[in-house]
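Right, one structure below, let's go through it.
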Amino acid sequence: MIQPEELLELVVDAAEDKKAMNLVALNLKGISLIADYFMICHGNSETQVQAIATEIRKRAEEKGARVRGLEGMDTARWVLVDLGDVVVHVFHRDDREYYNIERLWSDAKVVERV
């Protein structure tokens, strides 16, 4: 079984490979029961948003992670990929600014990559 930290790393790598913009990983441990981590990023078009979410889903499944939910692919304005311990939010650039979910989770620590 893949550990949450390893899953987060996989998700970030997949998003970066599809040129996702402004990636932010939030550590929700002790703050929320929803997940251990949120990863938030955006694409500059619906096509890019779909490509980012598809790559994340593909790589997670290859590593044996269960995709519990995938919402928003039809409009590709805000795609949510629920991987259990890691929940991914892939926004269209305009919608990310509008929803600003980082602000809602401002108590969470930003995960720094080494």
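Computed from a prediction, not measured in an experiment: that's the story for all the values here.
Within a 6.0 Å sphere centred on CG of Leu33, other residues, nucleotides and ligands contribute 12 heavy atoms or fewer. For Lys29, the NZ atom is densely surrounded, since the number of other residues' heavy atoms within 6.0 Å is greater than 12.
For the atom pair Ile40 CD1 and Glu102 CD, the distance stands at 4.0 Å (nearest 0.5 Å). Between atom OH of residue Tyr37 and atom CG of residue Asn27 there is a gap of 4.5 Å, rounded to the nearest 0.5 Å. For the atom pair CD (Glu55) and CG (Asp13), the distance works out to 10.5 Å, reported to the nearest 0.5 Å. Taking CD1 of Ile101 as the start and CZ of Phe91 as the end, the distance is 4.0 Å to the nearest 0.5 Å. Summarising the geometry, atom CD belonging to Glu61 is positioned 14.0 Å from atom NZ belonging to Lys63; distances are rounded to the nearest 0.5 Å. Here the straight-line distance linking atom CD of Glu5 with atom CG of Asp85 works out to 8.5 Å at 0.5 Å rounding.
Every pair tested for ring-ring contact (aromatic ring centres under 6.0 Å, His included) that includes a residue from residues 41-62 fails, sequence neighbours excluded, so the list is empty.
Side chain of Arg96 to main chain of Asn22: a donor-acceptor pair is present (N/O by atom type, distance under 3.5 Å, no hydrogens or angles). No donor-acceptor pair under 3.5 Å is formed between the side chain of Glu6 and the backbone N or O of Ile2.
In terms of heavy-atom proximity, Ala15 sits nearest to Met39 at CB-CE, 3.8 Å.
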With a cut-off of 3.5 Å and sequence neighbours excluded, list every side-chain donor-acceptor pair involving residues 67-84.
unit_1: Arg77; atom_1: NE; unit_2: Asp95; atom_2: OD1; d: 2.8
unit_1: Arg77; atom_1: NH1; unit_2: Glu46; atom_2: OE2; d: 2.9
unit_1: Arg77; atom_1: NH1; unit_2: His92; atom_2: NE2; d: 3.4
unit_1: Arg77; atom_1: NH2; unit_2: Asp95; atom_2: OD1; d: 2.7
unit_1: Trp78; atom_1: NE1; unit_2: His89; atom_2: ND1; d: 3.1
unit_1: Asp82; atom_1: OD1; unit_2: Gly84; atom_2: N; d: 2.8

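When each of Thr54, Ile56, Val49 is paired with Ile52, the side chain to side chain contact (heavy atoms under 4.5 Å, CB included) condition holds for Ile56 and for no other.
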Chi angles and distances behind the side-chain contact (heavy atoms from CB on, under 4.5 Å) call for Leu26, Val110: CA-CA 5 Å; Leu26 300 177; Val110 175; 3.9 Å; yes

Applying side-chain contact (heavy atoms from CB on, under 4.5 Å), run through Leu104 and Phe38 and close with a yes or a no. CA-CA 12 Å; Leu104 296 175; Phe38 272 4; over 6 Å; no

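Considering only heavy atoms from C-beta on, Trp105 comes within 4.5 Å of Ile34 through its side chain.
Placement of Leu23 and Val86 within a single hydrophobic cluster is found when ILVMFWY residues are connected by side-chain heavy-atom separations under 4.5 Å, directly or transitively. Hydrophobic cluster membership is shared by Val87 and Tyr99, with clusters built from Ile, Leu, Val, Met, Phe, Trp and Tyr side chains linked at under 4.5 angstrom.
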